Amino acid sequence: MQPAILFVCLGNICRSPLAEAAFRRAAQDAGLDVAVDSAGTGDWHVGHPPDRRAQAVALRYGIDISGLRARQVEAADFTRFSHIFALDHDNLLAIEARAPALCKAEIGLLLDVVPGRMGQAVADPYYGADSGFETTWAEVSEAAAALVARFSR
Ligand code: 4NP
């Protein structure tokens with residue numbers, strides 16, 4: 001079965017769209033056939049494009065994410081996706097709380113896939129300086145590479 005990966009943060013305008021973009025690129029480069037999407041646990045930004053700082057960092061690495069639109073996690077996600085990765089602990093708890101009892105999707109913390117980063121969160125750059133988005137990009141790119149390695153086996 002084709003893996004289907006969902007990345008989840010709070011607003012779906014900063015971290016998870018960047019994780020989606022980095023992983024989509026890495027999977028394409030590796031010739032991996034995989035479905036990719038992102039969503040937020042909150043609904044404040046539903047329908048909005050990614051934060052302009054997230055758009056800017058993605059563009060610096062050659063990826064246009066301006067066409068993405070934020071959406072909230074929904075019940076169907078737990079059957080549509082084989083893997084759901086939370087960007088931090090709060091969102092992991094929120095997803096686990098919403099998961100149906102017989103959930104087949106594997107739910108986990110994104111950085112758990114990166115050697116040496118187990119149990120760590122991708123820091124929320126929303127209220128910080130623009131440079132925080134470079135850190136986010138570096139972290140989600142590391143995770144994207146680790147995921148591609150995992151799904152290529
Ligand atoms: P994200 O960042 O969860 O990475 O998309 C945030 C976006 C919005 C808010 C917080 C974090 N907010 O408080 O509206």
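Atom set for the values below is all heavy atoms of this structure, side chains included, hydrogens, waters and symmetry mates excluded. Every value quoted in this text rests on a predicted model; they were computed, and no experiment measured them. Counting starts at 1 for both ligands and their atoms, following the listed order. Residues: numbered from 1 along the sequence shown.
- Taking the six-membered ring where the residue is Trp, H48 and H45 present perpendicular rings, their angle passing 60° and hence far from 30°.
- Judged as a salt bridge (Lys or Arg N to Asp or Glu O under 4.0 Å), and not counting sequence neighbours, R69 has no contacts.
- For ligand 1, the protein residues placed under 4.0 Å by at least one non-hydrogen atom are C9, L10, G11, N12, I13, C14, R15, H45, D124, Y126, Y127.
- For the salt bridge (Lys or Arg N to Asp or Glu O under 4.0 Å) test, residues two or more places apart in sequence or in another chain that qualify with E134 are R60.
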Taking only distance into account, with no hydrogens and no angle test, what donor-acceptor pairs under 3.5 Å do side-chain atoms of residues 2-12 form with protein atoms, sequence neighbours excluded?
residue, atom, partner, partner atom, Å
Q2, NE2, D33, OD1, 2.9
N12, OD1, R71, N, 3.0
N12, ND2, S16, OG, 2.9
N12, ND2, S38, OG, 2.9

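- Salt-bridge check for R117 with E139: passed, with a basic side-chain N closer than 4.0 Å to an acidic carboxylate O.
- Among all heavy-atom pairs drawn from W137 and I63, the shortest one is CH2-CD1, 3.7 Å.
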